[in-house]
Amino acid sequence: AELEQAAGILLGPPNLVTPEQRGAAESLFLQFRKTKRPYPMCKELLETSHNDYVLFEASGLIKDGLIREWNELSVADIQALRGYLLQYIINRPSLSSFVRERIVQVIAIMVKRQSVEDGGADRGVVINEVQQLITSNNQQMQMTGCAIITALMQEYATTVKSSDVGLPWEVHFALKKKFEATDLRSIFKFSVAALKELSGQINHPLSPEMEYLVRRLVIIAETVLSWTFIAVNLPKKLISVFESDQSPSLRPSLAWKDIILDPTLVAFFFDFHWRVRNNDNIRHHSLSCLIQLASLNGQTLNAKNLRQEYLTNYIRGLIQLIDNIGRSGQIGGKEALGISSVIRKLILFYPPTTLVTVEADILQKYLEQLVSLSCAFLRATTDPTKDEDEKALFHEGFENTMEAWISILHENQLFPSGYTREASAAILKTFLETRLAPPDGSRPRASLEA
């Protein structure tokens with residue numbers, strides 16, 4: 001009751017709380033955070049308090065206590081506490097999101113800290129349990145499972161900025177490397193398998209429960225595909241630079257070769273995007289997965305024929321998606337930007353010297369689509385039925401396709417004779433049409449006069 005009263009004072013409006021009252025409340029919580037062996041008291045608070053601030057502080061104290069007293073706790077005590085916290089969030093669907101996230105973070109920290117002692121054995125057990133939660137038909141369990149996997153990945157994703165759990169940086173780095181080669185693989189395989197199972201049930205509009213689960217699973221897959229894999233022992237400062245990269249390329253270790261080079265993986269993500277492309281909350285993430293897959297490089301593609309086979313398979317899927325979109329007769333600015341980003345990534349990581357090794361008919365079709373998309377995006381930038389934000393997205397999409405096209409022009413001698421000249425003429429013709437008013441072009445007079 002005393003803590004709840006203090007929480008009320010801290011969160012109360014300034015005109016109703018004196019500086020002395022606020023100072024006393026702050027002092028009370030500062031003393032509370034120093035409590036040793038706080039677990040029974042925190043459990044009691046979690047069970048009895050209805051104040052979110054108190055629940056948040058109690059969860060934080062458990063975390064601080066675990067970090068401070070880890071070596072004094074038995075394995076049985078740790079596992080019992082973790083089990084309690086897991087059941088606590090499962091059984092309380094109305095729990096505030098920030099309290100839930102704090103408790104989930106505590107669970108993730110416990111799992112990571114335990115992996116120092118047992119080499120990740122307990123982590124594997126936890127991940128299996130969490131995957132069972134996700135495959136249950138209980139939405140609360142699914143939400144909790146996805147949240148724990150996301151928190152676990154966040155704890156391992158960066159060695160420089162992961163939670164301070166009383167471990168030196170070198171241990172964080174070793175744990176990350178082990179996690180990448182083992183449980184991160186199983187998380188990715190599970191998320192893709194679950195998405196494959198759900199994709200056949202996708203009918204629009206999606207129910208809120210279905211949308212939530214599909215979105216969380218594709219975010220998990222996207223997080224893995226955006227993972228900063230570091231293959232060599234670099235200095236800490238350099239690693240922090242790599243890990244702060246907002247759009248790293250997909251560069252997994254050899255341990256991922258069988259998963260990433262499976263031709264059905266790329267084919268699935270193209271099919272999955274086609275199924276969810278009309279859902280604003282999921283489309284961005286499915287496109288992000290495709291963009292990351294377009295940037296695959298490194299140890300998994302350690303032979304020329306592997307690069308050629310992967311690129312051919314990827315372009316085949318991209319051609320099919322663009323054909324399907326063309327038949328649907330509609331593409332929004334956000335999707336146009338996403339597809340153009342795929343094209344830009346492809347030419348960046350598979351330059352013209354590699355692109356020309358693709359089968360001739362597939363290459364021809366891809367180049368034709370590149371020209372068609374460039375022209376379509378150009379026309380959309382002056383379409384009077386679109387608003388300015390939408391036009392800006394198409395303009396950026398056009399710039400991306402042109403970046404790819406200019407790279408091809410620089411190596412035009414590698415491509416079929418005369419083709420690049422004809423394609424360039426078609427793009428230039430469209431450009432002039434969209435910039436000139438009738439009768440020479442199609443630009444609306446109003447926008448020209450403006």
Side-chain angles (χ1 to χ4, degrees), residues 85-105 107-108 111 123-157 183-227 259 262 264-293 321 334-335 338:
L85 293 174
L86 179 59
Q87 288 304 314
Y88 181 83
I89 53 178
I90 288 174
N91 296 331
R92 287 166 176 77
S94 60
L95 198 63
S96 295
S97 59
F98 67 93
V99 177
R100 182 186 306 279
E101 286 171 12
R102 170 57 70 96
I103 295 175
V104 164
Q105 184 196 32
I107 294 172
V111 173
R123 183 181 64 219
V125 172
V126 171
I127 288 174
N128 283 332
E129 291 174 355
V130 168
Q131 289 173 353
Q132 289 172 20
L133 291 179
I134 296 172
T135 53
S136 72
N137 289 322
N138 182 312
Q139 191 191 10
Q140 189 60 30
M141 290 183 176
Q142 291 172 342
M143 287 172 63
T144 301
C146 289
I148 290 174
I149 282 188
T150 301
L152 263 176
M153 289 194 294
Q154 286 172 348
E155 282 302 316
Y156 283 97
D183 292 319
L184 189 65
R185 291 173 79 252
S186 68
I187 287 171
F188 183 66
K189 288 169 73 173
F190 168 78
S191 65
V192 172
L195 284 171
K196 283 181 178 178
E197 190 171 331
L198 290 170
S199 65
Q201 307 168 30
I202 290 176
N203 292 304
H204 295 286
L206 293 175
S207 67
E209 296 79 14
M210 181 70 153
E211 180 180 294
Y212 175 86
L213 183 57
V214 171
R215 181 174 172 273
R216 289 305 296 258
L217 284 168
V218 76
I219 287 174
I220 289 170
E222 177 190 8
T223 302
V224 177
L225 293 173
S226 304
W227 192 269
I259 299 174
D262 180 353
T264 63
L265 179 70
V266 165
F268 164 71
F269 275 105
F270 276 113
D271 177 71
F272 176 74
H273 174 69
W274 172 249
R275 293 173 185 268
V276 301
R277 64 186 289 259
N278 293 319
N279 185 294
D280 292 341
N281 295 322
I282 301 175
R283 176 182 56 225
H284 168 75
H285 302 292
S286 62
L287 281 169
S288 180
C289 288
L290 289 173
I291 291 168
Q292 286 304 111
L293 286 165
L321 174 65
K334 291 178 181 177
E335 187 176 31

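Fair warning: this is a prediction, and the values are worked out from it, not measured in the lab.
- Here the shortest heavy-atom pairing between Met141 and Ile90 reads CG-CG2, 4.0 Å.
- Atom-to-atom distance recorded for Leu206:CG and Arg215:CZ is 12.5 Å, nearest 0.5 angstrom.
- Side-chain atoms of Gln142 come within 3.5 Å of backbone N or O of Ser136 as a donor-acceptor pair.
- Taken to the nearest 0.5 Å, the CG atom of Leu213 stands 5.5 Å off from the SG atom of Cys146.
- Under a 3.5 Å cut-off, the side chain of Gln292 and the backbone N or O of Leu225 do form a donor-acceptor pair.
- The shortest heavy-atom contact between Arg123 and Tyr156 is NH1-OH, 2.9 Å.
- Using a distance-only test at 3.5 Å, with no hydrogens or angles considered, no donor-acceptor pair links the side chain of Ser96 to the main chain of Val99.
- Scanning both residues, Ser191 and Ala221, for their nearest heavy atoms gives OG-CB, 3.9 Å.
- Applying the side-chain contact (heavy atoms from CB on, under 4.5 Å) test between Leu152 and each of Val130, Asp183, Ile127 identifies Ile127 as the sole match.
- The distance from the CG atom of Leu86 to the CD atom of Glu129 is 7.5 Å, given to the nearest 0.5 Å.
- Separation of atoms NZ (Lys196) and CZ (Phe268) is listed at 6.5 Å; rounding is to 0.5 Å.
- Of the possible donor and acceptor atoms, one in the side chain of Gln140 sits under 3.5 Å from a partner among the backbone N and O of Ile89.
- In this structure, CZ on Phe190 lies 9.0 Å from CG on Leu195, to the nearest 0.5 angstrom.
- Put simply, the side chain of Thr223 gets close to the backbone of Ile219: a donor and an acceptor are under 3.5 Å apart.
- The closest donor-acceptor contact from the side chain of Asn91 to the backbone of Gln87 lies under 3.5 Å.
- When atom types are taken as modelled, the side chain of Arg100 and the backbone of Arg92 share a donor-acceptor pair closer than 3.5 angstrom.
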